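What follows is a single structure, written as structure tokens, with notes after it.
Bear in mind the structure is a predicted one, so any value in this text is a computation, not a measurement. Scope of the values below: all heavy atoms of this structure, side chains included, with no hydrogens, waters or symmetry mates. We name chains A, B, ... by the order of the sequence lines, and we start the count at 1 in each one.
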There are 2 protein chains.
Amino acid sequence: MPSPTATADLANQLRASVTRLARRLRYERADTALPLTHLATLGSLDRHGPLTPGELAHHERIQPPSMTRVLAALEGRGLVSRHPHPTDGRQVLVELTDAAHELLAEDRRRREAWLSTRLSELSAAERATLRAAAEIFDRLVRG
Amino acid sequence: MPSPTATADLANQLRASVTRLARRLRYERADTALPLTHLATLGSLDRHGPLTPGELAHHERIQPPSMTRVLAALEGRGLVSRHPHPTDGRQVLVELTDAAHELLAEDRRRREAWLSTRLSELSAAERATLRAAAEIFDRLVRG
DNA sequence: TCTAAGTCATTACCTTTGCTAACGAAACTG
DNA sequence: CAGTTTCGTTAGCAAAGGTAATGACTTAGA
């Protein structure tokens, strides 16, 4: 049974640390020139294949109108394309273009970026801790 | 020796997870009515004692003008006070008011908020993982 | 010593990126 | 086949960050 104040302290610490790291990460993405959410959206499409805007919004925990704007930006850059849904005329299927696949591959290849460098300076045990933490975060968010 | 692609994958995963959690946390702070950065700033002052705006900005990884705005808001709510620096006329010392100390204590006491609830549903081992991860995050950010 | 350059906080203005409300088209339901 | 629901979008707004410029003060150099 966890002490309530210990849990509250952890919540406090975690909130502060996660917030700072997220802010740092946001401003460390200069080389790709793509906002974090846009990159994450491409990542979702890469992992799951074509998805509808609604599904993407749910995945990234943003509201559908926000995803509409993300998709408009990505389509404008030629990174995704929208296609009519085969059975449901209301829905739309979004998929990656070849350019996006190249961008993702290139992004992964030359990811000598800030976070990777930092991570490689950690011990294997510390990296394992972070890997486990990321999984827990996803579970927390998924709720 | 860590495999480079494994490190890049971890970087990817961590970036996505941290971003989503930070976004969720930001929109989960309704009860205190204080933005995350404001709360974190009060926390820094609580931990370190009086600091200058520049030091606070560095701590929270935001630019000085942004911190000026945070401090203006906090001062407007009677949570911090500004005092002249004893030896350097350009600088300012910011410190917590009694009201802020009360707010922090109260905040800690009644933190039945989303994150605490979620955390208390985890196992002790998982909480330990998160505690360790938070520490590593701070080290990553501190550089 | 006194002028020039640098530093600190602030002000003014802009951008990014999320939100909610409202709407039109398409799909279900009874 | 009329009424309701769902999906994506549009429109408008708010939060929270950034950069550039300013003014007061300090430090360094001739």
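Two residues, A:Asp88 and A:Ile62, neighbour DNA chain C, and the one matched to the more 5' nucleotide by heavy-atom proximity is A:Ile62. Mapped onto DNA chain C by nearest heavy atom, A:Thr87 and B:Ser66 fall at different nucleotides, with B:Ser66 at the one closer to the 5' end.
In this entry the distance linking CD of B:Glu55 with P of C:dC8 reads 10 Å, nearest Å. In this structure, A:Leu71 places its CG atom 14 Å from P of C:dT17, rounding to the nearest Å. The separation between B:His85 atom NE2 and C:dC8 atom P is 10 Å, rounded to whole Å. Across the protein-nucleic acid pair, A:Leu51 atom CG and D:dC7 atom P stand 14 Å apart, rounded to whole Å. Nucleotide D:dG18 holds its P atom 12 Å from the CZ atom of B:Arg61, rounded to whole Å. For the pair A:Gln63 CD and D:dA14 P, the interatomic distance rounds to 18 Å; values are reported in whole Å. The CG atom of A:Leu74 sits 12 Å away from the P atom of D:dT9 (whole-angstrom rounding).
The number of heavy atoms from other shown groups lying within 6.0 Å of NE2 (A:His85) is above 12.
A donor-acceptor contact closer than 3.5 angstrom is absent between the side chains of B:Glu75 and B:Ser81. Side-chain polar atoms of A:Ser44 and A:Glu60 form a donor-acceptor pair below 3.5 angstrom. Checked by atom type, the side-chain pair B:Arg23/A:Thr37 shows a donor-acceptor distance below 3.5 Å.
Side-chain N/O atoms of A:Arg82 and base N/O atoms of D:dG8 include no donor-acceptor pair closer than 3.5 Å. One can find a donor-acceptor pair under 3.5 Å joining the base of C:dT7 and the side-chain atoms of B:Arg90.
Residue A:Thr19 is out of contact with every strand shown, counting any heavy-atom pair closer than 4.0 Å. Counting non-hydrogen atoms under 4.0 angstrom, A:Pro53 reaches the backbone sugars and phosphates but no base. Among the heavy atoms of the strands lying under 4.0 Å from B:Pro65 is at least one base atom, whether or not backbone atoms are also near.
Checking C:dT10, C:dA9, D:dG8 against the side-chain heavy atoms of B:Gln91 singles out C:dA9 as nearest. Here D:dG8 is the nucleotide among C:dG18, D:dG8, C:dA9 with the atom lying nearest to any side-chain atom of A:Thr52.
The pair A:Arg139-B:Glu126 meets the salt-bridge criterion, with a side-chain N (NZ, NE, NH1 or NH2) lying under 4.0 Å from an Asp/Glu carboxylate O.
For A:Thr68, no side-chain nitrogen or oxygen approaches OP1 or OP2 of D:dT10 to under 4.0 Å. Using a 4.0 Å cut-off, some side-chain N or O of B:Arg23 falls inside it from OP1 or OP2 of C:dG18.
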